[in-house]
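In the text below, chain A, chain B and the rest are named by the order of the sequence lines, each starting its count at 1.
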There are 2 protein chains.
Amino acid sequence: MTDLATTLQTLGQNARRAARKIAAAPGAAKARALRAMADLLVESRLAIQAENLRDLEAARRRELAPAMVERLKLSDRAIELMAEGLRQIAAMPDPVGQRTATETRPNGMQVGRMRVPLGVIGIIYESRPNVTIDAAALCLMSGNAAILRGGSEALHSNLALARIVRQGLEAAGLPADAIQVVPTTDRAAVGLMGNMTEYIDVIVPRGGKGLVAALERDARVPLIKHLDGNCHVYVDNRADLAQAQTIAINAKTYRYGICGAMETLLVHADVAAEFLPAAGQAFEARGVELRGCERTRRYLPEAKPATDEDWAAEYLGPILAVKVVDDLDEAIDHIERWGSHHTDAIVTRDLNHAARFQREVDSASVLVNLPTCFADGYEYGLGAEIGISTNKLHARGPVGLEGLTTLKWVLLGEGQTRG
Amino acid sequence: MTDLATTLQTLGQNARRAARKIAAAPGAAKARALRAMADLLVESRLAIQAENLRDLEAARRRELAPAMVERLKLSDRAIELMAEGLRQIAAMPDPVGQRTATETRPNGMQVGRMRVPLGVIGIIYESRPNVTIDAAALCLMSGNAAILRGGSEALHSNLALARIVRQGLEAAGLPADAIQVVPTTDRAAVGLMGNMTEYIDVIVPRGGKGLVAALERDARVPLIKHLDGNCHVYVDNRADLAQAQTIAINAKTYRYGICGAMETLLVHADVAAEFLPAAGQAFEARGVELRGCERTRRYLPEAKPATDEDWAAEYLGPILAVKVVDDLDEAIDHIERWGSHHTDAIVTRDLNHAARFQREVDSASVLVNLPTCFADGYEYGLGAEIGISTNKLHARGPVGLEGLTTLKWVLLGEGQTRG
């Protein structure tokens with residue numbers, strides 16, 4: 001075994017051992033650990049920033065793009081936000097040990113389910129070191145152990161934050177190995193983690209498409225992930241067109257870079273003549289480049305012609321594909337063919353159209369009269385999220401504490417026998 | 001592409017197309033299809049049995065074990081039971097489209113979840129042709145399309161049953177391709193199905209350990225499965241010993257061959273002297289061979305010495321491993337080390353011991369004062385089950401209609417915007 005494989009195996013064994021203790025830890029102890037981490041973060045600000053500076057200087061030496069360097073930076077404000085996040089998660093109800101209603105079977109035995117942690121969670125992320133704290137807090141509060149593998153350009157920052165996390169766990173009498181950071185920049189660690197089925201129960205990749213696609217191809221550990229966020233807004237023939245324009249503009253321009261940003265706008269043919277010229281003007285006023293189908297370009301002659309690549313694209317930038325469709329069926333067909341099953345929206349006042357769209361669009365989130373950019377754990381009321389999932393099994397959409405747990409069956413009897 | 005790959009791709013494309021229609025089909029239509037299949041089964045009994053006879057004769061020519069031949073046989077009674085099973089599933093409430101309670105967010109938007117099918121389900125099973133009907137019924141009622149791959153020795157029977165299923169679907173106006181049987185005995189079909197990620201959303205393997213292990217190793221489509229059922233009963237120092245004996249005997253001897261059968265009995269040291277001699281006698285009276293740890297053999301000198309292989313074994317037969325443990329912790333440690341996270345039970349009158357066991361034993365089902373052989377969808381009140389899962393993600397334990405569905409987020413607004 002290589003040194004790296006040995007290192008990871010040790011992390012795995014430590015995590016598996018710690019997982020049993022964390023799973024059984026009372027919510028109060030977990031909350032105490034999180035609050036201790038918040039205090040320690042604030043107290044150790046200068047020490048953390050000293051380590052962060054090493055990463056920042058290395059990044060500048062390697063001439064990383066200024067935006068990348070900025071994402072690495074642990075400013076005073078960034079540290080305050082992490083501490084605030086820890087305190088918010090500490091205040092959430094403990095999901096572990098919750099029981100569903102029980103059913104009493106004809107033979108008198110009681111059948112119910114209990115919420116329990118998944119076990120050991122691997123988080124693989126890029127650049128932003130604050131993910132170390134956010135992920136640690138979510139995994140811990142949901143009763144899981146975690147192995148965190150951050151970006152190599154943030155290693156010193158991540159290790160400094162990992163020390164805070166360990167101290168917080170110890171202060172609350174919890175096993176320090178419950179949250180561990182992989183202490184190496186070796187890229188091979190990602191591939192190894194993806195196949196540690198004995199030690200890791202699920203991996204949440206938080207990073208670019210390349211990372212997610214590589215894990216999807218090679219990992220045997222199950223993933224909670226999405227690859228693309230190719231989100232649609234469909235303006236129905238029964239839409240309130242002023243509302244539709246507000247929704248479309250917000251869905252695209254709230255933030256271009258989020259996975260819930262609208263990438264294709266679908267418009268019913270009956271309202272295209274009325275809707276598109278005004279909406280097109282509004283998009284252009286905001287600097288959004290439009291690419292349209294043939295019918296779209298009748299109303300928006302300045303739009304470039306759209307190709308199949310545009311229907312498939314996740315631009316994550318100020319470009320929008322626009323297509324005129326004949327009816328609700330064509331809209332749903334288009335979304336099923338080209339979409340990524342992430343988040344799609346209809347604008348309509350027609351109850352039947354809304355119901356059909358909600359039922360038939362097979363996406364993690366289906367919205368009626370709302371912009372797709374709402375796809376977010378805080379907005380849904382889950383609190384912080386570990387990621388957004390387009391999986392069909394287990395959690396779909398924004399994944400909060402509940403998505404990091406599972407239900408097991410618990411039965412209570414008085415010596416009943418079978419047969 | 002090989003002929004087989006082309007055949008499977010066609011099945012996959014057909015299934016994907018049919019899946020959208022089945023997902024949107026009303027519960028009444030699905031129930032109508034299932035009742036039509038039940039009627040057709042009974043009416044076509046002789047034709048089905050003629051095809052079944054071809055499989056039976058081939059099996060006898062190939063000198064299959066008589067028990068295997070028996071499992072292949074579609075007797076009048078077997079056909080009646082299949083028809084009855086179809087009618088029972090037709091009478092169950094449609095899980096598709098059910099909505100959870102919604103939450104109204106501060107901005108007024110309503111956030112809830114809707115139960116929807118998984119999409120296309122692959123079922124890979126061995127010998128018993130009745131699985132064709134059971135699996136078809138569960139997949140259909142949960143709104144899924146299915147690709148069924150039965151044992152090669154049952155191909156004629158399975159194809160005859162597949163025709164009934166198609167006719168039932170057509171009679172109810174549903175797409176006949178919703179349920180398809182792989183029309184070949186080529187074993188390579190299993191490996192190909194396991195990697196049809198584009199067309200199959202989840203595979204449920206129902207067969208021997210070899211099949212499940214091969215899929216676990218090679219498939220990229222997610223599985224709902226268990227590999228082993230190494231189940232434990234722990235007799236606590238606070239157990240009612242008469243009840244403990246009843247439970248232990250039933251857990252082992254209700255049926256040796258089911259995955260919920262007890263394979264190891266754990267006994268607290270304080271009650272071993274009182275419990276083991278009587279229990280040992282009862283097991284021996286039923287022809288169960290005992291294999292014990294050193295301390296066990298003090299009370300049961302006729303037991304053979306147990307080795308690590310016995311703690312790991314899923315005997316599926318009249319053999320039982322027995323171990324004396326010092327306390328609840330050692331019992332839990334043993335189960336976590338050697339068990340298969342399937343179904344484990346404690347016998348105790350102590351509330352705290354029961355609570356700790358339920359919380360800390362990380363198995364799909366954890367039972368208190370009940371034998372492990374209760375691990376079954378009908379017993380839990382789920383109705384028919386497609387299988388039993390030891391997965392941590394998605395469904396754990398017996399998987400019924402609900403386990404073949406997933407929840408998507410549905411949001412309703414009035415043009416709210418973000419930011």
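A distance of 8.0 Å separates NE2 in A:His341 from OG1 in A:Thr390, rounded to the nearest 0.5 Å. With rounding to the nearest 0.5 angstrom, the CD atom of A:Gln245 is 6.0 Å from the CZ atom of A:Phe275. Note: A:Glu216 CD to A:Lys225 NZ = 4.5 Å, rounded to the nearest 0.5 Å. If you take CD on A:Glu379 and CG on A:Leu370, they are separated by 10.0 Å, rounding to the nearest 0.5 Å. The CG atom of A:Asp362 sits 11.5 Å away from atom CD1 of A:Ile332, with the distance rounded to the nearest 0.5 Å.
Among A:Gln110, A:Arg349, A:Gln358, the residue making the largest number of heavy-atom pairs under 4.5 Å with chain B is A:Gln358. Of the listed residues B:Asp240, B:Thr405, B:Asp376, B:Ile346, the one with more heavy-atom pairs under 4.5 angstrom with chain A than any other is B:Asp376. Annotation: maximal heavy-atom pairing with chain B below 4.5 Å, among A:Glu360, A:Arg220, A:Glu414, A:Gln243, occurs at A:Arg220. By number of non-hydrogen pairs under 4.5 angstrom with chain B, the leading residue of A:Thr343, A:Val368, A:Asn391, A:Val347 is A:Val368. With respect to chain B, the highest number of heavy-atom pairs below 4.5 Å among A:Ala345, A:Pro222, A:Ala375, A:Gly381 belongs to A:Gly381. When the candidates A:Lys392, A:Arg418, A:Lys408 are compared by the number of heavy-atom contacts under 4.5 Å with chain B, A:Arg418 comes out ahead. Among the candidates A:Glu103, A:Arg113, A:Arg20, A:Met114, the residue making the largest number of heavy-atom pairs closer than 4.5 Å to chain B is A:Arg20.
In this structure, the portion of B:Ala219 lying under 4.5 Å from any heavy atom of chain A is its backbone and not its side chain. Of the atoms belonging to A:Leu404, not a single heavy atom falls under 4.5 Å from chain B. With a 4.5 angstrom heavy-atom cutoff, A:Ala24 touches chain B via backbone and side-chain atoms both. Residue contact with chain A, scored on non-hydrogen atoms closer than 4.5 Å, involves the side chain of B:Arg99 exclusively. Neither the backbone nor the side chain of B:Pro106 has a heavy atom closer than 4.5 Å to any heavy atom of chain A. Using a 4.5 Å cut-off between heavy atoms, B:Ser363 touches chain A through its backbone atoms (N, CA, C, O) alone. Within the 4.5 angstrom heavy-atom criterion, atoms from both the backbone and the side chain of B:Leu367 approach chain A.
Proximity of a side-chain donor or acceptor of B:His342 to a complementary backbone N or O of B:Gly260 within less than 3.5 Å is not detected. Between the side chain of A:Glu385 and the backbone N or O of A:Pro398 there is no donor-acceptor pair closer than 3.5 Å.
B:Asp201 and B:Arg16 are joined by a salt bridge, as a carboxylate oxygen and a charged side-chain nitrogen come within less than 4.0 angstrom of each other.
In this structure, B:Glu198 places its CD atom where only 12 or fewer heavy-atom neighbours from other residues, nucleotides or ligands lie under 6.0 Å away.
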